[in-house]
Amino acid sequence: MMRCTHQTAVPSASTGSAALLEALRSTGPLVACITNSVVTNFTANVLLAAGAVPAMVDITGEAGPFAAVASALLINLGTPQPEQRAAAAEACSAARAAGVPWVLDPVAVGTLVHRTELAQRLAEERPTVIRGNASEIIALAGSGAGGRGVETADAVDAALDAARALSTRTGAVVAVSGPADAIVDGECLARVGGGSPLLTRVTGGGCALGALVAGFVAAGRSVGADAFTATVACHAVYSAAAELAAETASGPGSFQVAVLDALYSLDADDVARIPVS
Amino acid sequence: MMRCTHQTAVPSASTGSAALLEALRSTGPLVACITNSVVTNFTANVLLAAGAVPAMVDITGEAGPFAAVASALLINLGTPQPEQRAAAAEACSAARAAGVPWVLDPVAVGTLVHRTELAQRLAEERPTVIRGNASEIIALAGSGAGGRGVETADAVDAALDAARALSTRTGAVVAVSGPADAIVDGECLARVGGGSPLLTRVTGGGCALGALVAGFVAAGRSVGADAFTATVACHAVYSAAAELAAETASGPGSFQVAVLDALYSLDADDVARIPVS
Amino acid sequence: MMRCTHQTAVPSASTGSAALLEALRSTGPLVACITNSVVTNFTANVLLAAGAVPAMVDITGEAGPFAAVASALLINLGTPQPEQRAAAAEACSAARAAGVPWVLDPVAVGTLVHRTELAQRLAEERPTVIRGNASEIIALAGSGAGGRGVETADAVDAALDAARALSTRTGAVVAVSGPADAIVDGECLARVGGGSPLLTRVTGGGCALGALVAGFVAAGRSVGADAFTATVACHAVYSAAAELAAETASGPGSFQVAVLDALYSLDADDVARIPVS
């Protein structure tokens, strides 16, 4: 069960998640993405399949103005070239000034110097949501040394205290991805199950989820759902798509394809199967 | 019917398109691509599946010499990093000097400053073809404010006057992508139907088409077809592949895969089904 | 038959290759990749499907420290932006200093100035393996003018002398990809057959193989296999995956997907079908 007192729009059943998916599909939020070179294509396709509109604008001079008019912004630090780091800072400031919700995905922070410094700086710029795996959240919270590349070494539970501390410090909803995802907002906690282990055998599974969270937060606003609710809904929808995809996949290649098909076609019943507590 | 007086090689039926596809397959033109980070992989795979040979050479010092020896050049401004902007200008000049045909894809021009300035500058460098969606063509022609990211907001018909003006000003064939594509060369107009709405749910559908146009223009030269004819043929072939793909696809993921399979295997009968007028 | 006198761990049957695949799956080596923008996604997915852990860290300040703690490093010069060139040099030095095996993939070297200069320089930094197509190996050895983009124009046999000279000069195992691959270590030669012509119709087939070689070299170390043995095993496994994939593919799109599925699921019997001599 969600331990949560301050939310008014928490979905008591996954009906809420399906409703937010419908809001995403009907509003088609424009998600500005500054993301890593490995996952740009899959990220854009995940957003399109689900019903959002991606646009990767990651150069200085353009990133700020674009973020200010987008529905939401994703900043993912997977391959932060110098120009992209400057563009990320520019976009982040512009989004904050314009009241555009934004998501920080601190890929592989910990010991790698440029992304870690930038993530720490951006975390102070009032991100709406921070999404990462357990070791990234622990590293960003300052309570651990970070992970082994992008793979998580710590269990989700071991990151809960760090997630709460990071949420309290930054004001962000913090989502910790793992076998069962945990979404934290201050003292509020939701867990989303389901999904598929094949997600760990495809690159960009987590990165694309971060972009989709941005889309859900924007869509959620249009129907009065807060960022916590929208983040939970997004994780439930993504888990439902992964479960559907795993049913027909023969391996990670066909799974990646099937995730896009599932995001495009899944319905309320599919989403309702995902345990949210 | 095509309203066109100055063309000698306009295909009166889509037979012409199938013949140019065969020319592409038999000549395997080398297409130098300077394109955005989201679609590089899909673009290269589209070219390979159809029978062309892609090479992404997008750094200064290499882009110019390479463009000069390529069969054709694509410049797509989707994610124009500073180094890539300089490389694009270098490649464009080299292609022009060497008589290599080149295609300009002005992704999301309008208000975004760097790509818009560069697109305006490159449009004066005698592109062989300019391909974009309606709002991009309107923006580049100077008659509108541009679109919402890469998604087209204007209908193709609303862009026809802009396309004609842009074609007259630059000397380029101008292709406007949409539910039915319009290809303009001065006062000459062709329309290509068919295709699939799923193309709008996959990233890079239009970007890869721009690269394939470059391949077709090169292949067309080898059999005496002009750029207008080759551009029309390319759009017909691409629509045929999309239609074939949509027949078996379960969603955008499997559709993207099936488009590549279809480009590889489609024959004259498949192409003949596409309405060209 | 392999003409080889100094190897102690050469697989006399492809059992050796299957055993190294198992070593890869059980050890999950962390492969640091500095690679081109066209193939990052497919490369990461190939590594994940096979059982390795990819991480693309290609900026200065991070590339060196990361390479030093990785299990292996790949440097692919397909789209060598200035920042990436500097990062490649940094990573290469760090890997060498730390004793981390590393693979050089000299994409399209020959006349393109930046990549050719860098490849020549890096070839002197004691790469463990150099992998390329025939024209790239000939160009890097200094005995030819290089190829036509990334496509090989020379037959594998025509590159054998160049491969031997390059191996002797650099101390690296040299792998020449083609219809039948040749792997050279000084005077030692192995040939790996099988595979599928569809590999030439998908971008990144060779690039991803280079990354997988890095993973196999790392996995091989854990069970006492030398770099030559590991490189041969990797080529056999990759050929087996391509053959399996071709059995079900309808074209290059479904083939690319099926290669990932096959890498994930193939077993010793599948690998044993590949002729290694």
Contact winner vs chain B - T43(A), L263(A), T60(A), N41(A), heavy-atom pairs under 4.5 Å: N41(A)

For A50(A), which atoms come within 4.5 Å of any heavy atom of chain B: side chain, backbone, both, or neither? backbone

Please check: side-chain N/O of [X] versus main-chain N/O of [Y], any donor-acceptor pairing under 3.5 Å?
X: R115(A); Y: G78(A); value: yes
X: S71(A); Y: V31(A); value: no
X: R131(B); Y: A211(B); value: no
X: W102(B); Y: A67(B); value: no
X: S239(B); Y: G193(B); value: yes
X: E136(A); Y: N133(A); value: yes
X: Y238(B); Y: G195(B); value: no

Any residue of residues 82-99 of chain A which, by heavy atoms, sits under 4.5 Å from chain B: E83(A)

For V257(B), is it the side chain, the backbone, both or neither that has a heavy atom under 4.5 Å from a heavy atom of chain A? side chain

